[in-house]
Each structure stands twice: as C-alpha cells, then as structure tokens.
Amino acid sequence: MVSLKEEYKSAIKQLRDSGNDNADFDAGQLFTCAFGFDIHSPKAEAETAQGLVAFKMMIQKRCGGYPLQYILGEWEFYGITVKVGEGVLIPRQDTETLVEAVIRKNRNKSPVIVDLCSGSGCIALALEKELSPKEVYAVEKSEKAAYFLNENIRLNNSSVKLIKGDCLEKVLIDSLPAADIIVCNPPYLTKEDMDQLQREVTYEPEEALFGGEDGLDFYRDITRAYKTRLAHNGMLAFEVGYTQAEEVMEILIQAGFEDVRAYEDYCGVKRAVLGFYTEKGNVKVY
Ligand code: GLN
C-alpha cells in the first residue's frame, strides 16, 4: 500500500504525461476536492481515506482533457464562488478586466444593471457586490446555463433577477427597464478559432463561444438592439476577443456612442470596450 501523498505524486506524473502544464496545481486542487483536506495535512500520510476512488477518477478525467473547473464543480471569480458544470462557460480571468472597467467608469450611485449572455452569472454577481446597484438583471437563454445561474444567485444570497430567454428577442428586450449599465461577455470566437480550440474548451458550450464567421455578430446585434434601452448617459460594456477591440469600438462609434474606449488586462491586451449613449429621446420611463 502507498500513502495518499504517494498517490498524489503519481497523479502529478500522470497529469504531466497527459500534456498538462499545470499538473501540480491541478493535482492539489483535485486532492483537496476528493479528500476534504490538503496535501500538507498529516492525514495525507495515511494509506487510504474516503475519497481515494473519487480522486483517481478525477485524475483520469483530467488526463483526458476534461476541464478542471467542471470536475471541481465550482470556481472563483472576482472573489465570488460560482458553481459550474457542463453547459455553462467557465468564468475566466479575462472577464475580470471587463468587471473592473465597468466599476471604474460607472457614473451612478445605484445603477440599474443588465447583464446579457450571463452564463454562470459571474459578472452580474460581481457587479452587484461592488456597485450597490438598484437592480441587476441577468439574461440567459440556455436552459443548462440558467440552471447554474439560478444556483449561483441562491448560493450567493443575491438579488439578481434571472430572465430566461434570448436577449435578442424583441419581447424580452421590451420587458427590461432602462439600464444605466448594460454589460455583456458575448460569444466572440470566429469560425477559425472554433476549429482550433484548446482541448479543454471543446467541453464548453459552443453557443457560449461562437460569434459567427468573424466573431462579431453579437456585438453588432446587441449594440443595435440595446442602445435605446440605455438610460440617458448609460454605459454599454463588452468583453472582446484579443484582436477585436478596434472593430468593436468602431461598431459602438458608428451607433452613436461617445467616450468609447478599450481597457487592457494585466498583460496589456485590450479585453473590454465601453461606451456611453447620450442621445436624447430614447429614455423610457417605468
Ligand atoms: N474567452 C473565451 C475563450 O477563451 C471565449 C469566451 C467568449 O466567447 N465569450 O475561448
């Protein structure tokens, strides 16, 4: 018999051999998830513990390229824990750039926020926590993603209102109140990107990734459909793919937005685009 610590070391080797560059981290996370204590605990010297079979199965799955986050069942985003699993996009650090830019540029004390293509709800939940908004709406059309979104609202004791449906459907658009902030991380990968997905990403929902031939379909459609849904001086904020900032800025400028800017992540990549809509006569009063 070998100790759990030895099992852990062998797991790292298996993960490495499967081509995993983050083998130590992944093995550590899965170890804690399976056993309920970490590798530095004295309990890791034991030869067995409840969870050993689960641990081995998790390592097998991970070796096959199945995303770590789906195995763990939860992930952290902007200091918030969200549940994830098949059918919902895994929150990424890229998206924290968008959240930070929205917080920095917010012009309202208690804004009404609408999060489109909300997925796990990570953006809506982070903004709710940081901005003391009046109301937050999270729109999601996928049944599976909406399940996780609903769970995440519940688990975070959140007041975010889930709207299940297609954010481009007129009835849904008309049912939303005028918003001070409309935020969206739309599907934005191009046809070419979709043909070269990293192994892990192939397990994530295509409908959360693919943004049409040039990846820009949702930017065009959402900008057109939602600019009149903004309150006066309201903000539209998008996450963008790493080469799309200029094109998305152009879409916003063409639609009449002002103060259109791109915001960089810590590596200097433009990851978010924001603009304000000041044209009068578009405000609906509810
Ligand atoms: N950032 C995701 C990726 O790396 C794409 C998510 C999206 O399309 N919004 O693939």
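Just the heavy atoms: all of them, side chains too, but no hydrogens, waters or symmetry mates, feed the values below. For ligands, and for the atoms within them, numbers begin at 1 and follow the listed sequence. The shown structure was predicted, so the numbers you read here are calculated from the model rather than taken from an experiment.
- Side-chain contact between Tyr226 and Leu176 is present, with at least one heavy-atom pair separated by less than 4.5 Å.
- Residue Val201 has no N or O atom closer than 3.5 Å to an N or O atom of ligand 1.
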What donor-acceptor contacts under 3.5 angstrom involve side-chain atoms of residues 65-79, with partners at least two apart or in another chain?
unit_1	atom_1	unit_2	atom_2	d
Tyr66	OH	Glu86	OE2	2.5
Tyr70	OH	Val88	O	2.6

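- Summary of contacts: the protein heavy atom closest to atom 4 (O) of ligand 1 is Arg92 NE, 3.3 Å.
- Those atoms of ligand 1 with a heavy atom of Pro187 less than 4.0 angstrom away are 8 (O).
- The number of heavy-atom neighbours closer than 6.0 Å to CD of Glu264, taken from other residues, nucleotides and ligands shown, is above 12.
- Atoms of ligand 1 found under 4.0 Å from any heavy atom of Pro186 (numbered from 1 in listed order, with element): 7 (C), 8 (O), 9 (N).
- The neighbour count for Gln196 CD, taken as heavy atoms of other residues, nucleotides or ligands under 6.0 Å away, is above 12.
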Acceptor/donor pairs from residues 26-45 side chains to any protein atom, 3.5 angstrom cut, sequence neighbours excluded:
unit_1	atom_1	unit_2	atom_2	d
Asp26	OD2	Asn20	ND2	2.9
Asp26	OD2	Arg62	NE	2.8
Asp26	OD2	Arg62	NH2	3.2
Thr32	OG1	Gly28	O	3.0
Asp38	OD1	His40	N	2.8
Asp38	OD1	Ser41	N	3.3
Ser41	OG	Lys43	N	3.0
Glu45	OE2	Lys5	NZ	3.2

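- In this structure, Ala208 is part of the shell of residues with a heavy atom less than 4.0 angstrom from ligand 1.
- Classification of Glu96 and Arg271 as a salt-bridged pair fails, no side-chain N sitting under 4.0 Å from a carboxylate O.
- In terms of protein heavy-atom proximity, atom 10 (O) of ligand 1 is closest to Leu189 CD1, 3.7 Å.
- Not a single N or O atom of Arg271, backbone or side chain, sits closer than 3.5 Å to an N or O atom of ligand 1.
- Shortest contact from atom 8 (O) of ligand 1 to any protein heavy atom: Tyr188 N, 3.0 Å.
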